[in-house]
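See structure below.
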Amino acid sequence: MFLSVFDLFKIGIGPSSSHTMGPMTAARRFLDEILAGDWPRPAGVKVDRIGASLHGSLAYTGIGHGSDRAVILGLAGQTPQTVDPDEADGIVARIGADKRISPPGHPTYRFDPAKDLVLDRKTPLTGHANGMAFYAYDASDRLLLKRIYYSIGGGFVVSEEELQRMKSKGSVTTEGKKVPYPFKNAVEMLAMAAKSGLSIAEMKRANEEKHMSREELDAGLDAIWGAMKGCIDRGLSQDGIMPGGLKVRRRARQLHDKLQEQWQQNRPNPLLANDWLSIYAMAVNEENAAGGRVVTAPTNGAAGTLPAVLRYWLHFHPEADQPSIRDFLLTAAGVGGIIKSNASISGAEVGCQGEVGSASAMAAAGLCAVMGGTPEQVENAAEIALEHHLGMTCDPVGGLVQVPCIERNALGAVKAVTAASLAIKGDGTHFVPLDAAIETMRQTGLDMNEKYKETSLGGLAVNVVEC
């Protein structure tokens with residue numbers, strides 16, 4: 001089972017990988033299908049109008065997560081990786097006024113977001129909680145083409161057919177990829193490490209280098225960290241009210257200034273490391289909530305946890321260097337791939353245990369590895385972090401990735417560092433295997449009531465009075 005590090009760490013825009021990046025990608029896929037023309041239609045008939053509908057969690061929290069905006073941007077030809085966050089609102093406004101889209105390489109299509117983009121809360125699509133349908137019509141509004149896609153977390157998008165293959169054969173991203181260390185769970189990962197004498201990062205590197213050069217891999221890893229670091233820095237430089245109507249104020253910059261002052265005064269602070277961790281994580285997730293550029297780690301809603309722990313490593317450990325950053329990311333991706341393949345990283349599928357819980361486990365594994373941990377200690381660190389997120393619901397207030405998401409990332413980072421510290425002080429022997437924690441998360445997600453899975457129909461979302 002192989003998921004590339006670049007499958008898990010994708011550069012895109014906020015506020016949600018499954019609700020923003022996924023729908024934007026799906027819209028682009030639909031445009032590609034129209035252009036390919038590999039579908040039956042009457043001779044001489046052309047596509048004249050485009051429509052789309054969002055279902056399940058995408059419908060319930062689509063406005064707060066910017067799903068409608070993402071679809072419009074995708075139909076305009078934008079991608080999560082290349083869209084300029086500063087220009088996005090202008091693109092959406094122009095399409096709303098013109099009621100037409102002109103994606104590159106296509107003719108102009110009729111598309112009125114007020115009528116042709118529907119948030120359908122009454123008709124769930126059976127494949128996944130994050131379902132969406134796209135429609136193409138001729139000039140007489142006769143339906144020519146319909147396609148259904150599912151946004152399954154972390155920016156991954158699959159068609160109905162791909163989803164069925166994934167359920168029967170494993171993740172669609174593994175097809176056709178042969179690697180020297182194809183571990184599909186933690187037991188296999190540890191057995192391969194013991195047999196080969198390699199670390200988890202070294203095995204993951206060998207897998208990646210089967211499909212790209214070492215120079216390409218290192219450049220990609222450096223770009224991921226560069227985007228993460230840039231997001232932290234931007235978040236620490238911004239203030240004001242975040243969009244969406246909750247009137248939640250950015251806090252990372254103000255808290256950072258206070259910490260800098262304490263740092264310069266050399267005042268004792270036993271919670272200093274936790275404070276820095278929290279501020280780094282909050283900076284990322286405030287940027288995410290504002291629609292800025294972030295890295296899925298493994299999702300946008302959990303984008304702050306792993307970068308915060310990696311920045312902590314660089315801040316507090318003098319031995320930290322560029323190779324250790326790469327090892328951190330490779331190790332984290334190895335654990336993240338196991339979680340995604342055997343459970344889920346989607347809040348709409350299993351709650352926030354699948355997002356911040358997975359992020360915390362990945363960060364704990366990465367940190368333990370660069371601190372000199374054995375594969376057994378790394379697996380233990382990931383298990384500790386994941387175990388203590390089990391059962392966590394996804395209940396965003398107002399459907400926005402702000403409350404409780406921003407602070408939740410901070411606490412996920414603190415748990416990750418604690419888990420790594422506990423694990424590296426042991427010998428790797430522990431009671432609950434990582435695979436058992438992952439399976440427990442999967443089962444808990446299946447049992448969890450839908451109102452606690454990114455629908456904003458339960459939890460804090462209904463018990464906090466919006467002011």
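Small disclaimer: the values here were computed from a predicted structure and weren't measured.
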Non-hydrogen atoms of [X] and [Y] that approach each other most closely:
{"X": "V350", "Y": "S344", "answer": "CG1-CB, 3.8 Å"}
{"X": "P80", "Y": "T25", "answer": "CG-OG1, 3.6 Å"}
{"X": "F134", "Y": "P23", "answer": "CZ-O, 4.3 Å"}
{"X": "A419", "Y": "A364", "answer": "CB-CB, 4.0 Å"}
{"X": "I13", "Y": "M24", "answer": "CD1-CE, 3.8 Å"}
{"X": "A227", "Y": "V295", "answer": "CB-CG2, 3.6 Å"}

Exercise. Mind running salt bridge (Lys or Arg N to Asp or Glu O under 4.0 Å) on E287 and R250 for me, showing each step along the way?
Key: CA-CA 9 Å; E287 273 295 294; R250 288 181 182 249; 3.2 Å; yes
To the nearest 0.5 angstrom, please state how far the [atom1] atom of [X] sits from the [atom2] atom of [Y].
{"X": "L125", "Y": "D120", "atom1": "CG", "atom2": "CG", "answer": "8.0 Å"}
{"X": "T440", "Y": "L390", "atom1": "OG1", "atom2": "CG", "answer": "6.0 Å"}
{"X": "L400", "Y": "S456", "atom1": "CG", "atom2": "OG", "answer": "8.0 Å"}
{"X": "Q78", "Y": "R28", "atom1": "CD", "atom2": "CZ", "answer": "8.5 Å"}
{"X": "I424", "Y": "C368", "atom1": "CD1", "atom2": "SG", "answer": "4.5 Å"}

Counting only N and O atoms by type, is there a donor-acceptor contact under 3.5 Å from the side chain of [X] to the main-chain atoms of [Y]?
{"X": "E286", "Y": "R251", "result": "yes"}
{"X": "N185", "Y": "D435", "result": "no"}
{"X": "N130", "Y": "S151", "result": "yes"}
{"X": "T393", "Y": "D395", "result": "no"}
{"X": "N449", "Y": "Y452", "result": "no"}
{"X": "S17", "Y": "N300", "result": "yes"}
{"X": "N285", "Y": "G304", "result": "yes"}
{"X": "R234", "Y": "A283", "result": "no"}
{"X": "N463", "Y": "G459", "result": "yes"}
{"X": "H65", "Y": "G399", "result": "yes"}

Determine whether [X] and [Y] make a side-chain contact, defined as any pair of heavy atoms from C-beta on separated by less than 4.5 Å.
{"X": "I406", "Y": "M242", "answer": "yes"}
{"X": "L217", "Y": "V5", "answer": "yes"}
{"X": "P182", "Y": "M192", "answer": "yes"}

Quiz item: Is the Lys NZ or Arg CZ of K10 less than 6.0 Å from the centre of F156's six-membered ring, within 45° of the axis?
Solution: yes
Exercise. With side chain to side chain contact (heavy atoms under 4.5 Å, CB included) as the test, would you mind laying out the steps for H211 and F2 before giving the verdict?
Key: CA-CA 11 Å; H211 303 283; F2 175 68; 4.2 Å; yes
Is it the case that [X] and [Y] place a side-chain donor and acceptor less than 3.5 Å from each other?
{"X": "H430", "Y": "E376", "result": "no"}
{"X": "T82", "Y": "T79", "result": "yes"}
{"X": "S324", "Y": "D321", "result": "yes"}
{"X": "Q322", "Y": "D222", "result": "yes"}
{"X": "H19", "Y": "S57", "result": "yes"}
{"X": "D275", "Y": "S278", "result": "no"}

Hey, is [X] close enough to [Y] for a salt bridge, meaning N to O under 4.0 Å?
{"X": "R205", "Y": "D218", "answer": "yes"}
{"X": "R442", "Y": "E439", "answer": "yes"}
{"X": "K453", "Y": "E450", "answer": "yes"}
{"X": "K204", "Y": "E209", "answer": "no"}
{"X": "R311", "Y": "D233", "answer": "yes"}

Quiz item: V464 and V403: side chain to side chain contact (heavy atoms under 4.5 Å, CB included), yes or no, with the steps?
Solution: CA-CA 10 Å; V464 174; V403 180; 5.7 Å; no
State which residues pass side chain to side chain contact (heavy atoms under 4.5 Å, CB included) with [X]; sequence neighbours excluded, sorted by chain then number.
{"X": "Q254", "value": "K258"}
{"X": "A413", "value": "L277, T305, A308, V309"}
{"X": "E160", "value": "I148, Y150"}

Exercise. Let me see the working for K195 and E188 under salt bridge (Lys or Arg N to Asp or Glu O under 4.0 Å), right down to the final yes or no.
Key: CA-CA 10 Å; K195 183 177 180 180; E188 291 184 0; over 6 Å; no
Practice problem: Start with the C-alpha gap between M441 and L386, add the side-chain angles, then the distance that decides, and say whether side chain to side chain contact (heavy atoms under 4.5 Å, CB included) holds. | Solution: CA-CA 9 Å; M441 182 177 77; L386 183 60; 3.8 Å; yes
Quiz prompt | Chi angles and distances behind the side chain to side chain contact (heavy atoms under 4.5 Å, CB included) call for V294, M228 | solution = CA-CA 7 Å; V294 299; M228 289 178 172; over 6 Å; no
Quiz item: Quick one: which of W313, F316, Y312 gives a side-chain contact (heavy atoms from CB on, under 4.5 Å) with V417?
Solution: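 Result for side-chain contact (heavy atoms from CB on, under 4.5 Å) with V417: Y312.
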Practice problem: Let me see the working for K425 and S421 under side-chain hydrogen bond (donor to acceptor under 3.5 Å, both in side chains), right down to the final yes or no. | Solution: CA-CA 6 Å; K425 290 178 174 62; S421 181; 2.8 Å; yes
Quiz item: Does the ring centre of Y280 sit less than 6.0 Å away from the ring centre of H256?
Solution: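 Not under 6.0 Å, so no.
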Quiz item: side-chain hydrogen bond (donor to acceptor under 3.5 Å, both in side chains) between T299 and E355: does it pass, once the steps are laid out?
Solution: CA-CA 6 Å; T299 67; E355 296 205 32; 2.7 Å; yes
